[in-house]
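Below is one structure, written out as structure tokens, with a few remarks after it.
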Amino acid sequence: MTTGEKLALLRGKKGLSQENLAEILSVSRQSVSRWETDISFPETDKLIKLSKLFECSIDFLLNENSQESEENVINISISDCCRFIRECGYFFLATSKDNWPKLRPFGMIYSNKKTLYIATDKRKNVYSDLIANPQLEIASYNLNTRRWIRIHGRAETENSILIKDEMINDYPLLKQKFSSDAEMFLVIFKLLIDEINIF
């Protein structure tokens with residue numbers, strides 16, 4: 001894993017945007033972007049601040065063969081996944097029907113810090129595809145960091161009124177689209193995640 005890749009993941013784990021990190025370090029957002037894409041490297045004083053902020057060694061940040069465990073330092077949480085995708089502004093959802101892949105753009109994803117949720121309409125093909133075969137993959141690309149996230153798992157309908165209300169509050173567009181007479185068509189899927197990769 002390169003220095004830039006480590007910085008991007010550690011920043012995400014802390015819940016910081018590139019702008020937030022730039023402000024903390026008194027640099028431009030473009031500087032952070034260049035570090036995360038391995039175009040340039042932080043100066044020594046910035047590396048010291050980064051190692052303190054991310055609670056890791058400078059050696060870990062700079063050395064791809066560092067003995068420090070990346071798994072212990074970089075743990076991709078559900079919140080990290082949701083934040084990554086929402087920073088991208090969209091994601092692609094891949095389903096499979098009759099052994100043929102189907103790919104669709106999506107825009108709404110929600111996390112209660114334990115689970116990821118997506119919303120769709122029962123009248124759409126994606127609903128019937130997921131009911132017939134719950135296996136799915138989500139992918140999203142961040143143009144700023146030039147990084148992908150891919151999530152493999154299964155979809156399961158979520159019947160919790162609390163989750164539904166939280167997602168509607170998070171996305172007012174859902175409230176507009178599914179007014180009282182159309183609310184019966186709104187369906188929330190919980191994602192049971194098997195694997196997450198950020199690269």
Side-chain angles (χ1 to χ4, degrees), residues 1-2 4-9 11-13 15 17-18 33 36-38 74-160 163-179 182-199:
M1 187 176 283
T2 68
E5 290 169 338
K6 291 175 188 177
L7 289 174
L9 284 176
R11 175 180 60 76
K13 185 178 178 184
S17 67
Q18 288 185 340
S33 178
E36 291 184 357
T37 52
D38 294 305
I74 300 171
N75 180 22
I76 305 168
S77 71
I78 296 299
S79 296
D80 294 337
C81 292
C82 191
R83 191 177 305 107
F84 185 107
I85 293 168
R86 289 180 89 158
E87 270 187 26
C88 297
Y90 68 96
F91 63 96
F92 292 98
L93 174 70
T95 60
S96 178
K97 184 178 180 186
D98 302 325
N99 292 323
W100 285 95
K102 292 180 105 177
L103 188 66
R104 307 164 172 84
F106 261 69
M108 296 181 209
I109 193 161
Y110 171 73
S111 164
N112 64 353
K113 298 186 180 175
K114 293 185 253 178
T115 310
L116 288 175
Y117 300 91
I118 59 173
T120 191
D121 190 315
K122 289 182 182 178
R123 298 166 290 188
K124 293 194 172 188
N125 289 339
V126 66
Y127 171 75
S128 56
D129 290 355
L130 287 173
I131 294 298
N133 181 354
Q135 298 292 338
L136 59 76
E137 182 175 55
I138 285 176
S140 193
Y141 180 70
N142 189 314
L143 290 168
N144 292 324
T145 63
R146 298 181 190 171
R147 297 178 60 75
W148 281 94
I149 187 169
R150 291 179 76 162
I151 301 170
H152 303 270
R154 300 169 316 285
E156 185 179 279
T157 52
E158 176 60 59
N159 298 314
S160 165
I163 294 297
K164 182 178 173 184
D165 289 345
E166 287 176 356
M167 193 159 185
I168 286 173
N169 287 335
D170 214 30
Y171 289 101
L173 185 62
L174 284 175
K175 195 173 213 169
Q176 293 171 6
K177 185 174 179 182
F178 296 98
S179 57
E183 190 174 351
M184 63 184 198
F185 296 113
L186 173 63
V187 62
I188 308 290
F189 281 103
K190 169 171 53 178
L191 305 186
L192 306 172
I193 297 171
D194 296 324
E195 185 180 356
I196 302 166
N197 292 298
I198 295 179
F199 54 93

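For Phe92, the ring pair (Phe, Tyr, Trp, His ring centres under 6.0 Å) test picks out Tyr90, with sequence neighbours left out. Residues passing the side-chain contact (heavy atoms from CB on, under 4.5 Å) test with Lys175, sequence neighbours excluded: Ile168. By the side-chain hydrogen bond (donor to acceptor under 3.5 Å, both in side chains) test, Tyr110 is found to be paired with Glu166, residues two or more places apart in sequence or in another chain being considered. With sequence neighbours excluded, no residue satisfies ring pair (Phe, Tyr, Trp, His ring centres under 6.0 Å) with Phe178. Here Asp38 pairs with nothing under the salt bridge (Lys or Arg N to Asp or Glu O under 4.0 Å) rule; sequence neighbours left out. Arg11 meets the salt bridge (Lys or Arg N to Asp or Glu O under 4.0 Å) test with Glu36, Glu87; sequence neighbours excluded. For Arg154, the salt bridge (Lys or Arg N to Asp or Glu O under 4.0 Å) criterion is met by Asp194, not counting sequence neighbours. Residues meeting the side-chain contact (heavy atoms from CB on, under 4.5 Å) test with Thr37, sequence neighbours left out: Ile39, Arg146. Take Lys190 and apply the salt bridge (Lys or Arg N to Asp or Glu O under 4.0 Å) test, not counting sequence neighbours, and it matches Glu156, Glu158. Shown here are the side-chain hydrogen bond (donor to acceptor under 3.5 Å, both in side chains) partners of Asp121, two or more places apart in sequence or in another chain: Arg123. Applying the side-chain contact (heavy atoms from CB on, under 4.5 Å) rule to Asn133 yields the partners Ser96, Gln135; only residues at least two apart in sequence or on another chain are considered.
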Before giving the answer on side chain to side chain contact (heavy atoms under 4.5 Å, CB included), spell out for Lys177 and Leu186 the whole-Å C-alpha distance, their side-chain angles and the decisive distance to 0.1 Å.
CA-CA 9 Å; Lys177 185 174 179 182; Leu186 173 63; over 6 Å; no
Could you please spell out the steps behind the side chain to side chain contact (heavy atoms under 4.5 Å, CB included) verdict for Ile78 and Ile193?
CA-CA 9 Å; Ile78 296 299; Ile193 297 171; 3.6 Å; yes
Please set out all donor-acceptor pairs under 3.5 angstrom arising from side-chain atoms of residues 98-109, sequence neighbours excluded.
| residue | atom | partner | partner atom | Å |
| --- | --- | --- | --- | --- |
| Arg104 | NH1 | Thr95 | OG1 | 2.8 |
| Arg104 | NH2 | Asp129 | OD2 | 2.5 |

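One N or O on the side chain of Ser33 and one on the backbone of Asn144 form a donor-acceptor pair closer than 3.5 Å.
Atom CG of Asp170 is separated from atom CG of Asn112 by 11.0 Å, given to the nearest 0.5 angstrom. Taking OG of Ser140 as the reference point, atom CZ of Arg147 lies at 12.5 Å (rounded to 0.5 Å). Residue Asn159 holds its CG atom at 5.0 Å from OG1 of Thr157, rounded to the nearest 0.5 Å. The structure places NZ of Lys97 at 12.5 Å from CD1 of Ile131, a figure rounded to the nearest 0.5 Å. Atom CD1 of residue Ile85 and atom CD1 of residue Ile149 lie 5.0 Å apart, to the nearest 0.5 angstrom. The distance from atom CG of Leu93 to atom CD1 of Ile118, rounded to the nearest 0.5 Å, is 5.0 Å.
The shortest side-chain heavy-atom distance between Ile138 and Leu191 falls under the 4.5 Å cut-off.
Taking every heavy atom of both residues into account, Leu116 and Cys81 meet most closely at CD1-CB, 4.2 Å. Minimum interatomic distance between Arg150 and Ala139 (heavy atoms only, all atoms of both residues): CG-CB, 4.1 Å.
Under a cut-off of 6.0 angstrom, the local environment of NZ in Lys124 is sparse, with at most 12 non-hydrogen atoms contributed by other residues, nucleotides or ligands.
Among Trp148, Phe91, Phe84, the single residue meeting the ring pair (Phe, Tyr, Trp, His ring centres under 6.0 Å) criterion with Tyr141 is Trp148.
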